[in-house]
> 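So that we are looking at the same thing, I have put the structure below in structure tokens.
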There are 2 protein chains.
Amino acid sequence: MSTTVTKNITKKSKREQIIEAAFKLFAENGFFATGVDLIMREAAVSKRTLYNYFPSKNELIVAVLQHYHASCQQHFASIMDFENKSARENIRALFEDAQTWFGNPNFYGCLAVNAMSEFSGKDQAIVKACQDFKQWEIALLTSITKQLDDQYPDLLACKLFILLEGMSSIAQVNKAGFPLNVGALADETIDRHLQKH
Amino acid sequence: MSTTVTKNITKKSKREQIIEAAFKLFAENGFFATGVDLIMREAAVSKRTLYNYFPSKNELIVAVLQHYHASCQQHFASIMDFENKSARENIRALFEDAQTWFGNPNFYGCLAVNAMSEFSGKDQAIVKACQDFKQWEIALLTSITKQLDDQYPDLLACKLFILLEGMSSIAQVNKAGFPLNVGALADETIDRHLQKH
DNA sequence: TAACAAGTAAACCAATTTGTTTACCTTTGC
DNA sequence: GCAAAGGTAAACAAATTGGTTTACTTGTTA
């Protein structure tokens, strides 16, 4: 018990090594196209160890999606500030961060969306992990729009969500970047929404 | 020569059979997860015939993407009317049609986006087919926004494109439908855009 | 009717897949 | 210093993959 604790402090655990290697490969090459052998090589871990931590490839995929979920939560918590910044500022920060993220050459689309396209109707646990992630995303947006004094925060959150997902999807195919400032686009959307009520 | 012509009139050619079966399976189960054996069974065609028409699975995938491209072109041409309808009406028709399409239980996300997530950096011909399709989409939107008397039709087309892609992506994961009328959302977006200039 | 193009069915091939097993090694806490 | 946990490497198994080949059956046309 104490062993693993001290280990986790000093260096990455085998479990983390595996998940991070798998995450990279799944994002880059897709899920079915990435074999377990490649993952274990990339993680510098034996096959035995891999199957010790994860009873099957699909359960590893679930763990990778949960890791993705958790690190997104952490990342967005770090760039937003509910106490000192306004709702609009937080949204702007989120969108501008997303824009640079989507423009990164290492961006291969949202992992959860990609997983859905390969596993919908096939593996219920994987599908659930994807949906949980998207639920969290919309909940995060709603928690911000609720701070605006508006009658329909869910509606506005949905509109912003559509913008984010659209940008992500387009960036995945195009890579050319957007001919517009997406922070400004979010602002426009909020303006128009508030005007209407 | 005349043989194939008369054949094509009376019933679907083998090539079409294969492409349509493959399209269905790729959309539903993904590309890597769908084996050639399954495709040939679904198309009721022998393996020999399949490899007679398509030298490899990946070239079949390209053909399927081109078929998808062509049938989308045909479909959108049928629901829009450049002569008798205004730009706003055409956009509204397009968005409302998209909303019902995305809500269909047989909708598994945009095939081109899904293909990108499995083949980006792997097969250049497939990637090109996906990008061609997305180029066409944005060009279609731009051809409509140009009819509005506005200084930045490309910008508005991009905004509308983001909305469409966002809806598609969300529908793929969620399936619950949207708590908003997307035709109205498109209208809002146009309004706000025109206001600003 | 005879030749030929187009199709089928099934055996076959080599490579790869997920997953298991065996035998050995290395670290670490007591 | 030693036992035990946790690790490695590699062989192995069974199924599946994309793709080829062989032998046989159609249907059309000249």
Side-chain angles (χ1 to χ4, degrees), chain A residues 1-22 25-26 28-65 115 118-119 122-123 125-126, chain B residues 1-23 25-26 28-65 115 118-119 122-126:
Chain A
M1 190 71 81
S2 69
T3 315
T4 55
V5 170
T6 46
K7 251 184 167 177
N8 286 347
I9 290 169
T10 54
K11 61 171 182 175
K12 261 175 260 184
S13 73
K14 294 282 165 189
R15 195 170 190 278
E16 281 176 295
Q17 275 180 48
I18 296 166
I19 286 181
E20 279 168 30
L25 293 170
F26 287 149
E28 217 172 303
N29 306 318
F31 294 90
F32 276 87
T34 304
V36 195
D37 282 56
L38 188 59
I39 296 171
M40 85 191 216
R41 236 177 297 147
E42 174 86 16
V45 141
S46 77
K47 202 177 238 189
R48 187 92 198 266
T49 308
L50 195 152
Y51 276 97
N52 237 11
Y53 284 102
F54 308 98
S56 72
K57 186 188 173 183
N58 279 17
E59 299 196 48
L60 168 59
I61 290 172
V62 171
V64 167
L65 287 166
E118 295 199 56
F119 294 100
K122 273 211 190 61
D123 187 304
I126 292 176
Chain B
M1 189 71 81
S2 70
T3 314
T4 54
V5 171
T6 46
K7 249 185 169 176
N8 287 346
I9 290 169
T10 53
K11 60 171 182 174
K12 259 175 264 185
S13 74
K14 294 283 166 189
R15 195 170 190 277
E16 281 176 294
Q17 274 180 50
I18 295 167
I19 285 182
E20 278 167 30
F23 171 81
L25 293 170
F26 287 148
E28 216 172 303
N29 306 318
F31 295 90
F32 276 88
T34 304
V36 251
D37 281 55
L38 189 58
I39 295 171
M40 85 192 215
R41 234 177 297 147
E42 174 86 17
V45 142
S46 77
K47 202 177 235 189
R48 188 93 199 264
T49 309
L50 195 152
Y51 277 96
N52 238 11
Y53 284 101
F54 308 97
S56 71
K57 186 187 174 184
N58 279 18
E59 299 196 50
L60 168 59
I61 290 172
V62 171
V64 167
L65 287 166
E118 294 199 56
F119 293 99
K122 275 211 188 62
D123 188 302
Q124 199 45 52
I126 293 176

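Predicted, not measured: the structure shown is a model, and the values here were computed from it. Below, all heavy atoms of this structure are taken into account, side chains as well, without hydrogens, waters or symmetry copies. By convention in this document, chain letters (A, B, ...) are assigned in the order of the sequence lines, proteins followed by strands, and residues within each chain are numbered from 1.
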> Give the rounded distance in Å between these two atoms: CD1 of Ile61(A) and P of dT17(C).
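The answer, rounded to whole Å, is 14 Å.
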> Would you give the length of the straight line joining atom CD of Glu42(A) to atom CD of Gln17(A), rounded to the nearest 0.5 angstrom?
11.0 Å
> Which nucleotide, dT8(D), dT8(C), dG19(D), lies nearest any side-chain atom of Ser56(B)?
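Closest nucleotide among those given: dG19(D).
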> Just the rounded figure in Å: distance from P of dT17(C) to CG of Leu50(A).
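Rounded to whole Å, this separation is 14 Å.
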> Heavy atoms only: give me the nearest Thr34(B)-Leu25(B) pair and the separation to one decimal.
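Where Thr34(B) meets Leu25(B) most closely, the heavy atoms are OG1-O, 3.4 Å.
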> OP1, OP2 of dG7(C) versus side-chain N and O of Tyr53(B): anything below 4.0 Å?
yes
> Using whole Å, what does the distance between atom C1' of nucleotide dT8(C) and atom CZ of Arg48(B) come to?
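About 10 Å, once rounded to whole Å.
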> Looking at Glu16(B) and Lys12(B), what are the two nearest heavy atoms and their distance?
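Distance-wise, the nearest heavy atoms are OE1-CA, 3.7 Å.
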> Under 4.0 Å: is that the gap between some side-chain N or O of Thr49(A) and OP1 or OP2 of dT8(D)?
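Looking at the OP1 and OP2 atoms of dT8(D), one of them is under 4.0 Å from a side-chain N or O of Thr49(A).
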> What's Phe54(A) touching, base or sugar-phosphate or nothing? Going by heavy atoms closer than 4.0 Å.
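Touches nothing.
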> Mind running a 4.0 Å heavy-atom check of residues 30-44 of chain B against DNA chain C and sending the residues that fall below it, in number order?
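DNA chain C contact set from residues 30-44 of chain B: Ala44(B).
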> Please give, in whole Å, the distance from dG18(D) C1' to Glu59(B) CD?
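Atom CD in Glu59(B) sits about 13 Å away from atom C1' in dG18(D).
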> Within less than 4.0 Å of OP1 or OP2 of dT21(D), is there a side-chain N or O belonging to Lys47(B)?
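Result: no.
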> When the distance from CG of Leu60(B) to P of dG18(D) is rounded to whole Å, what number comes out?
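From Leu60(B) CG to dG18(D) P: 11 Å.
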> Check the distance between dT17(C)'s P and Glu118(A)'s CD and give it to me in whole angstrom.
14 Å
> When rounded to the nearest 0.5 angstrom, what is the spacing between CZ in Phe31(B) and CG in Leu65(B)?
5.0 Å
> Heavy atoms only: give me the nearest Asp123(B)-Ile126(B) pair and the separation to one decimal.
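In terms of heavy atoms, the two residues are closest at OD1-N, 3.0 Å.
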> Should the ring pair Phe119(A) and Phe32(A) be called parallel, tilted or perpendicular, given that the plane angle runs from 0 to 90° and is split at 30 and 60?
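Because their plane-to-plane angle is under 30°, the rings of Phe119(A) and Phe32(A) count as parallel.
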> Would you indicate which nucleotide in dT8(D), dT18(C), dT8(C) comes nearest to any side-chain atom of Lys14(B)?
dT8(C)
> I need the single residue from Ile19(A), Val64(A), Ile39(A) that forms a side-chain contact (heavy atoms from CB on, under 4.5 Å) with Phe54(A). Which is it?
Ile19(A)
> Once you round it to whole Å, what is the distance between P of dG18(D) and CG of Asn52(B)?
18 Å
> Starting at OH of Tyr51(A) and ending at P of dT17(C), how long is that distance when rounded to a whole Å?
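For the pair Tyr51(A) OH and dT17(C) P, the rounded distance is 11 Å.
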